[in-house]
Amino acid sequence: MTIQEMPGSTAYRPSPPPAWKPRTDPAPLLPDPEPYRVLGTGAAARVDPALMRTLYAELVRGRRYNAQATALTRQGRLAVYPSSTGQEACEVAAAAVLKEQDWLFPSYRDTLAAVARGLDPVQALTLLRGDWHTGYDPREVRIAPLCTPLATQLPHAVGLAHAARLKGDDVVALAMVGDGGTSEGDFHEALNFAAVWRAPVVFLVQNNGFAISVPLAKQTAAPSLAHKAVGYGMPGRLVDGNDVAAMHEVLTEAMERARRGGGPTLVEAVTYRMEAHTNADDATRYRVDAEVEAWRDHDPIVLLERELTERGMLDDDGVREAREAAEAMAADLRARMNTDPVLDPMDLFAQVYTEKTAQLCEQEAQLRAELEAEAER
Amino acid sequence: MTIQEMPGSTAYRPSPPPAWKPRTDPAPLLPDPEPYRVLGTGAAARVDPALMRTLYAELVRGRRYNAQATALTRQGRLAVYPSSTGQEACEVAAAAVLKEQDWLFPSYRDTLAAVARGLDPVQALTLLRGDWHTGYDPREVRIAPLCTPLATQLPHAVGLAHAARLKGDDVVALAMVGDGGTSEGDFHEALNFAAVWRAPVVFLVQNNGFAISVPLAKQTAAPSLAHKAVGYGMPGRLVDGNDVAAMHEVLTEAMERARRGGGPTLVEAVTYRMEAHTNADDATRYRVDAEVEAWRDHDPIVLLERELTERGMLDDDGVREAREAAEAMAADLRARMNTDPVLDPMDLFAQVYTEKTAQLCEQEAQLRAELEAEAER
Amino acid sequence: MSSTTAAPGRKAAAKPASMAQALQRAMRDAMAEDPTVHVMGEDVGALGGVFRITDGLAKEFGEDRCTDTPLAEAGILGAAVGMAMYGLRPVVEMQFDAFAYPAFEQLASHVAKMRNRTRGALAMPLTIRIPYGGGIGGVEHHSDSSEAYYMATPGLHVVTPATVQDAYGLLREAIASDDPVVFLEPKRLYWSKADWSPDAPAAVEPIGRAVVRRPGRSATLITYGPSLPVCLEAAEAATAEGWDLEVLDLRSLVPFDDETVAASVRRTGRAVVVHESTGFGGPGGEIAARVTERCFHHLEAPVLRVAGLDVPYPPPMLERHHLPGVDRVLDAVARLQWEA
Amino acid sequence: MSSTTAAPGRKAAAKPASMAQALQRAMRDAMAEDPTVHVMGEDVGALGGVFRITDGLAKEFGEDRCTDTPLAEAGILGAAVGMAMYGLRPVVEMQFDAFAYPAFEQLASHVAKMRNRTRGALAMPLTIRIPYGGGIGGVEHHSDSSEAYYMATPGLHVVTPATVQDAYGLLREAIASDDPVVFLEPKRLYWSKADWSPDAPAAVEPIGRAVVRRPGRSATLITYGPSLPVCLEAAEAATAEGWDLEVLDLRSLVPFDDETVAASVRRTGRAVVVHESTGFGGPGGEIAARVTERCFHHLEAPVLRVAGLDVPYPPPMLERHHLPGVDRVLDAVARLQWEA
Ligand SMILES: Cc1ncc(C[n+]2csc(CCOP(=O)(O)OP(=O)(O)O)c2C)c(N)n1
Ligand SMILES: Cc1ncc(C[n+]2csc(CCOP(=O)(O)OP(=O)(O)O)c2C)c(N)n1
Ligand SMILES: [Mg+2]
Ligand SMILES: [Mg+2]
């Protein structure tokens, strides 16, 4: 499971076939046939126990976050919530491998990754609550706006990483996308740009089996999504996305490779979406409970708990502590989300352009007059 | 160089990683490390001599066609001409492997493939002459309109092939695209749809080293363009695009595979654009003559002539015959292109919709009045 | 009304149905009648689409007739182009307005132009269904009004129903049309209901004809799709001010029914165009300009426009300030220079 | 005129230069002054672009500052968005109008909205250069007038020069702007020439201001980009009929200079909008509607429009019938109800 440095391709010039040389050796770019695992294998012995315990606490907190956000949605406090329940290992690992200066490019499903990176959950949930589109300053926290148009965040990650590299900054971008998103043209274009530019970016595909109702088999006929990497000339890695230790190891390696100029990596994390697509979705229309049940035994928290317990690294106290911390986070989130945000409709006009156009000033004045009339009634 | 049948992927359902199975065996999908060649190798003995001689005549005619079209452009008879000089083996082979009922999806550079398929060269050149956008009835000749927006013809080919398969018709679509075109999102989406649908379509990438001025190294970092195939779960084939016998063999195999329900294939033909991108381009800005010269010895006609001559299958008479036929075609083309086409401006309105809207009728009446006024002056 | 919109076989009395149901039924009847009709898009199969408009079609007609595609809009529309080239009649569902943008090149450069480029040899009998507009509390990119883009692209028909009856009738016609139709479904009217039977669609006017939804003499409200109920409500409220407003439902933006619209405005002498799309560069400019060109000397006041604000679509909690409501329509009517 | 448009250092006398040269010089000066300016696109490097507008930039500033990208427009614009997020100031070249369509989703859903979505935290100081319009004998997809699409997308500035001076001045300003600018270059004016020196750009008005190119009293021709020379020629020809036409060059479609335009039309009482884009759903509708809203009681006749036909752009041999020429402009002027 070593990743070979990709030789620079800029020397390539067209040459007649008798002199043909492949531009890159494909063999090291191909993923292993099986998803890489650490928990429950000999490799687990290598992992730093402190890291394991930290990841455990994060997983527990992440699961609680998902539950709380789901509950808030039922209570009408969120417009919609796409839960990452079952996918917490991917979310948590993605945040954990980032350095302070690195950037995260999340999709709508990845609020947990943003929270795990340190973003205030209330800010992370702004989009889904509906008071504004983005609830934080992306530059301050180095988290791009949660992205809804599928795969469109990937070229952004490439551009940002490329810009940082041109500037000589030590910045790596980690971009997240779903299995369905890999079918979009923007996925293709982003990976290609990244490889040609050797941009320091890591693409993390969470293959959770479905794009809303559409199962992977209707999405791709590829041996694995990680196999797509070779077509761009970057390494593809296949990982058990519910094994947080494996996720952490593979992503760390990919980040380091990007950091030292080795270019991008495509990581496919095999996981499963335990809940419906969002609260508005009805998963019974397209999948059976037995399938969901089969994954319960392979739950990311169960896997890690099993490993830690077997190796005497986690006792009841440890479990309680993690749960208490999670509850505290949830209580705080609940309290702060159970208020109606105070909004200023004039914000609609404030940042369409750097300076409001005369046209927008007119419309602003009109709306202000309407609101005043409304208030008087 | 066998191509494995792709196993149906519809049985795939998400399963936890301990039960992981790759959906397809990647090994047979990967291209050989070197472009496949026939001419000058032992494999040449296998090729039907009659086929070789036919292909030879077609290559000679194709080269002459390119020269004539280029000359017509210099004389102002064509608005623009993207020459396929040097790439005739790809063009000729693409046409030769099609059955009557099959469809060709050419790009702007592939008028020769259309002509080799039997289309009247004057009709093939209509777009480039500028009297209309498409000079023929695509259904009649089963050649899609020459396509200019890069790679956009590829999903069309997939849709058509899919429709034919649903209807139970024995139809395969062959779609042509350039190396630059492989970077477009539509390339990705088309190949993915084709593989998921197991559509009977063959994708032929002519890697001629450049997208206008941009060399392949700035286009991709992949080991080869054929390596992209594995990411879709289809076989990728790498071929010497100047070896017409190799092209014919590989394309025939891919067409047959598609025909018997085996799904799509991606073929990368390694070739070289001997002329500038079009007559309007200045190739000296981005490449040196030495590079062009290096390819002269690997010219498709030279390669085949060498093989045929060495094996006593072509004598001076044969060469002369081929050239005379080519000259006759060129003379006819010249004569018919050296007239001003008679155009009816009312055609502008005729086929915007099935029925002219009231709005278009108004505009038509106005233009008619203008033309009458003009005629009276 | 073209005969293709009459439902085959059975007869049923009118009963309450939603626009969503009427749309579903239109596809179902079209598929039953014509084996070349194929429905395709993201989640249109087992799920029946995120709005359930294709509910049951995959089950009834099989996955080859109602197909869950990979997630790639350019690929979907591009494949549909190829299918149409081979004689099929694809009905494409785009999941939301903004998610049709990846298919823009296929739409503008191929779908709209194919008939023209080939002098009529290749028809594009495609229907592209796009749920559009806001008012449903959707997060960003789920509430765009994108009709201006399609109107500005010659070769496309642009159609949008505002009633349950039209949802059925216009969609049947769109599917039967040999020209590509961008079929814009006002998503906040999906659950609006009316008494309706697919057996009695005779009252439905064809594509290309505007319809007077409320006759009136004081001024004309020109509208379509999601804003029709707003205009009808405004017209009712206006009676209190002594205004008798005529409400026109355009139904099809392309072709545009100049005749009906101009006739109304010539009669009333005043007009307001109402739509949810942003005002600047939106459909209202074209409509106001056409009306003015044709009715100038009948106009007592300039044709006014009530439209969405010229800003990106707002987040759910602010969208009510963006959407043209009854008050804004009445304000505009009040500005029609009644004193003159 | 913002100070960023003054060229650094040397002084030179005005001498004949083409619009292409002025555009090249604008990028060169911007790159020399500001190391965050990056030019990117297809063939912009060694080739200097298919129109040679980026000629020499890669050589002078290196391939990292003027970059040949892979051939994928959504990827180009998407990457530029990311670069802008990191503080760069990308100048993207789209090779032709219709080849910007693949980037439509990135443009509409990200470029136009980023500042708004993030309450101003992420600016998009992007310039998207698009050669547009016809008249150069290009085959299909090489001559589209796509300005209506961009006008209908709030968050974008839409700018188009018609003179050599403006080509330099407006492009400098666009690059210096912290907002995204769709910079439409009238490709058939690339080789038009004027006496010009980059050292004396003081006469150039900023983005957002329309300019009177020819004062007149009988009627106002409102135009921009490729149609400006047509209107100036028409105005000259019109003197023979006794018409003294004012010609307005809009220069920027967004923001729109209502003040200058309305002032002119109020003075003349008559107006014709002239553009090459198709008429239906094109910019002319918006412009005519705005003018009418503001100048209704000053108008002697409806604002008329002279535009491209409502058809897909014609093949080279027929394009002259599509393009608004002097005669059509004069015909429209004649229809401005002079007898009234
Ligand atoms: C361009 C675009 N098309 C369609 C959609 C609608 N949509 C939202 S989520 C989704 C499924 C995405 O599946 P996947 O990429 O696997 O991510 P997951 O939701 O499973 O995390 C779809 C079709 C969208 N957001 N963007
Ligand atoms: C979508 C799109 N973008 C840009 C162009 C402009 N363009 C025409 S040909 C070309 C290069 C194509 O290179 P390649 O695909 O390698 O084909 P070749 O010309 O070498 O045959 C470009 C950029 C286009 N036609 N379509
Ligand atoms: Mg998924
Ligand atoms: Mg090429």
Side-chain angles (χ1 to χ4, degrees), chain A residues 79-80 108 126-134 145-152 178-188 211-215 218-220 277 280-283 285-287 340-341 343-349 351-352 357 359-360 363-364 366-367 369-371 373-374, chain C residues 41-52 55 58-59 63 67-76 78 95-96 98-103 105-106 136-142 144 278-280 306-322 325 327-328 331-332:
Chain A
V80 64
Y108 53 89
T126 297
L127 170 78
L128 305 168
R129 180 190 216 178
D131 47 317
W132 199 258
H133 309 296
T134 300
L146 298 167
C147 189
T148 300
L150 292 164
T152 55
D179 48 312
T182 65
S183 295
E184 290 280 5
D186 277 27
F187 171 87
H188 176 71
I212 309 186
S213 71
V214 180
K218 291 186 181 174
Q219 201 64 250
T220 181
H277 174 68
D281 178 38
D282 174 7
R285 285 187 166 243
Y286 53 82
R287 70 183 187 190
D340 292 325
L343 301 178
D344 180 4
M346 295 308 133
D347 280 359
L348 291 173
F349 307 100
Q351 296 289 356
V352 181
T357 58
Q359 197 176 311
L360 286 177
Q363 296 180 14
E364 187 181 44
Q366 221 172 302
L367 178 56
E370 282 177 23
L371 293 172
E374 209 178 283
Chain C
E42 294 156 9
D43 303 289
V44 297
L47 187 64
V50 293
F51 292 106
R52 305 292 184 271
D55 196 20
K59 203 163 174 199
E63 291 196 14
T67 310
D68 277 335
T69 62
L71 213 170
E73 292 77 10
I76 295 170
Q95 204 159 80
F96 281 87
F99 306 145
Y101 300 158
E105 182 187 30
Q106 285 290 345
I136 61 157
V139 301
E140 55 172 359
H141 312 297
H142 288 76
D144 282 14
T278 52
F280 189 86
V306 176
L309 305 171
D310 293 329
V311 305
Y313 198 88
M317 289 188 186
L318 291 172
E319 68 179 339
R320 74 179 184 94
H321 304 297
H322 178 72
D327 286 350
R328 277 190 203 156
D331 280 355

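Only this structure's heavy atoms are used, side chains among them; waters, hydrogens and symmetry mates stay out. Per chain, numbering begins at 1; letters A, B, ... match sequence-line order.
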Identify all side-chain donor-acceptor contacts of residues 311-318 of chain C below 3.5 Å with residues at least two apart in sequence or on another chain.
residue	atom	partner	partner atom	Å
C:Y313	OH	C:G135	N	3.2
C:Y313	OH	C:E319	OE1	2.5

Donor-acceptor pair, side chain of A:Q219 and main chain of C:L71, under 3.5 angstrom: yes
Any residue meeting salt bridge (charged side-chain N to carboxylate O under 4.0 Å, His left out) with C:E42, in chain and number order, not counting sequence neighbours: none
A:E364 side, atom CD; C:L309 side, atom CG - distance, nearest 0.5 Å: 10.5 Å
Closest heavy-atom pair and its distance - C:V139, A:L128: CG1-CA, 4.4 Å
Distance, nearest 0.5 Å, that separates CD of A:Q363 from NE2 of C:H322: 9.5 Å
Under 4.5 Å from a heavy atom of chain C, the part of A:L343 involved: side chain
Top contributor to chain C contacts, counting heavy-atom pairs under 4.5 Å, from A:P345, A:A151, A:A373: A:P345
Basic-acidic side-chain contact under 4.0 Å: C:D43, A:K218: no
side-chain contact (heavy atoms from CB on, under 4.5 Å) evaluation trace for C:L47 with A:I212: CA-CA 9 Å; C:L47 187 64; A:I212 309 186; 3.7 Å; yes
Nearest heavy-atom neighbours spanning C:R52 and A:D282: NH2-CB, 3.7 Å
Minimum heavy-atom distance A:T148-C:H142, with the two atoms named: CG2-CE1, 3.3 Å
A:L360, part contacting chain C, at a heavy-atom distance under 4.5 Å: side chain
Any side-chain heavy-atom pair of C:R328 and A:L367 under 4.5 Å: yes
A:A79, part contacting chain C, at a heavy-atom distance under 4.5 Å: side chain
Carboxylate-amine/guanidinium proximity below 4.0 Å for C:R320 and A:E374: yes
Closest approach of C:F99 to A:P149 (non-hydrogen atoms, all atoms of both residues): CE2-CA, 4.0 Å
Rounded distance [0.5 Å steps], CD in A:E370 versus CG in C:D327: 7.5 Å
Non-hydrogen atoms of C:T69 and A:V214 that approach each other most closely: O-CG1, 4.3 Å
Contact class of A:L127 relative to chain C, heavy atoms under 4.5 angstrom: both
Chain C contact via A:Q359 - side chain, backbone, both or neither, heavy atoms under 4.5 Å: side chain
Heavy atoms of other groups near C:E63 CD, more than 12 under 6.0 Å: no
From C:H141 atom NE2 to A:C147 atom SG, the distance as rounded to the nearest 0.5 Å: 6.5 Å
Inter-residue atom distance A:W132.CH2 - C:E140.CD, 0.5 Å rounding: 10.0 Å
